[in-house]
*Asks:* 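Provided herewith is a single structure, encoded as structure tokens, for subsequent inquiry.
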Amino acid sequence: MNAIQGLRVGLGMDSHRIASGGPLILGGIKLDADMHLVGHSDADVLLHAITDAVLSAAGLPDIGQIFPNTSDENKGRDSGEMLAQAMDLVRENGWSILNLDCVVQMERPKLSPYKGLLKQRIAELLRIDISQVSVKGKTGEGVGEIGRSELAAATCVVLLYK
Ligand SMILES: [Zn+2]
């Protein structure tokens with residue numbers, strides 16, 4: 001297999017509704033904020049986007065197929081555990097991560113103070129080096145569902161190699 005055939009890109013996107021009252025679980029860590037994300041699992045929008053990106057790049061079924069939100073087993077589930085399990089599947093299929101790049105869209109809190117922690121936790125869950133992980137935060141400029149803090153969204157692009 002040549003170098004080009006041994007590379008796969010994957011894209012993952014997710015969004016969750018925001019409700020009042022903390023803590024905010026994002027990227028596998030607890031952020032100091034008086035809001036939380038609403039979902040069947042722990043609603044970790046960033047880890048869900050990453051999970052879908054790695055699964056998709058490896059040509060595997062998506063997060064909803066592997067961890068259905070109709071299953072009681074996945075209710076309130078730790079998304080870090082789902083991501084680690086998805087990454088095991090990706091590895092079993094012979095793929096490794098070259099790098100991943102993520103964008104979180106939330107009006108608040110500011111993500112800059114948490115960037116190091118977020119990258120570290122994601123790297124741990126994926127068993128890669130922190131230098132392979134990038135996380136950026138973007139606000140909604142006060143406009144739309146994101147700007148009104150009604151919604152949080154995340155996008156992740158990942159590059160795998162064999
Ligand atoms: Zn989600």
Side-chain angles (χ1 to χ4, degrees), residues 8-91 93 95 97 99-111 114-115 117-128 132-140 144-160:
R8 291 282 168 83
V9 69
L11 175 68
M13 295 179 80
D14 194 32
S15 59
H16 282 270
R17 198 161 53 79
I18 294 171
S20 59
L24 173 64
I25 296 172
L26 185 77
I29 63 170
K30 279 182 186 171
L31 277 67
D32 188 19
D34 62 349
M35 58 172 77
H36 67 279
L37 303 180
V38 181
H40 185 73
S41 66
D42 65 7
D44 192 324
V45 70
L46 176 54
L47 293 192
H48 292 178
I50 297 170
T51 304
D52 252 351
V54 294
L55 288 171
S56 160
L60 292 164
D62 69 23
I63 187 170
Q65 290 170 282
I66 296 182
F67 308 103
N69 66 7
T70 47
S71 158
D72 275 353
E73 191 194 353
N74 298 324
K75 198 167 174 16
R77 191 165 178 182
D78 174 2
S79 297
E81 193 189 298
M82 292 195 276
L83 175 57
Q85 203 175 310
M87 193 57 213
D88 283 344
L89 277 176
V90 169
R91 255 186 235 103
N93 280 267
W95 296 102
I97 291 178
N99 76 306
L100 69 154
D101 191 7
C102 312
V103 180
V104 178
Q105 290 172 281
M106 278 187 96
E107 196 64 16
R108 64 187 175 83
K110 281 264 175 267
L111 291 188
Y114 299 104
K115 259 190 195 171
L117 274 176
L118 286 169
K119 283 164 47 167
Q120 193 183 356
R121 183 64 188 139
I122 292 164
E124 276 171 13
L125 289 167
L126 294 169
R127 293 197 267 139
I128 58 176
Q132 294 168 276
V133 183
S134 170
V135 179
K136 295 184 288 285
K138 290 280 181 189
T139 72
E145 301 143 318
I146 289 167
R148 289 191 301 268
S149 281
E150 293 167 7
L151 193 77
T155 307
C156 174
V157 62
V158 66
L159 191 60
L160 302 184

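Counting starts at 1 for both ligands and their atoms, following the listed order.
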*Asks:* With Asn69, which residues qualify under side-chain contact (heavy atoms from CB on, under 4.5 Å), at least two apart?
*Replies:*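 So Asn69 forms a side-chain contact (heavy atoms from CB on, under 4.5 Å) with His40.
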
*Asks:* Listing request: all salt bridge (Lys or Arg N to Asp or Glu O under 4.0 Å) pairs with a residue in residues 23-41, at least two apart in sequence or in separate chains.
*Replies:*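 Of all non-adjacent pairs touching residues 23-41, those that pass salt bridge (Lys or Arg N to Asp or Glu O under 4.0 Å) are Asp34-Arg108.
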
*Asks:* Under the side chain to side chain contact (heavy atoms under 4.5 Å, CB included) rule, what do Asp44 and Leu37 come out as? Steps first, then yes or no, please.
*Replies:* CA-CA 7 Å; Asp44 192 324; Leu37 303 180; over 6 Å; no

*Asks:* I want to verify a count. Protein N, O or S atoms less than 2.8 Å away from the Zn ion (ligand 1), how many are there?
*Replies:*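 If we list every protein N, O or S atom nearer than 2.8 Å to the Zn ion (ligand 1), we get 3.
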
*Asks:* Among residues two or more places apart or on two chains, list those pairs meeting ring-ring contact (aromatic ring centres under 6.0 Å, His included) that have a residue in residues 46-78.
*Replies:*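 Pairs touching residues 46-78 that pass the test: His16-His48.
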
*Asks:* State whether the side chain of Asn93 and the backbone N or O of Leu89 hold a donor-acceptor pair below 3.5 Å, judged by distance alone.
*Replies:*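 Side chain of Asn93 to backbone of Leu89: a pair is present.
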
*Asks:* Test Lys75 against Asp72 for salt bridge (charged side-chain N to carboxylate O under 4.0 Å, His left out), laying out the working first.
*Replies:* CA-CA 5 Å; Lys75 198 167 174 16; Asp72 275 353; over 6 Å; no

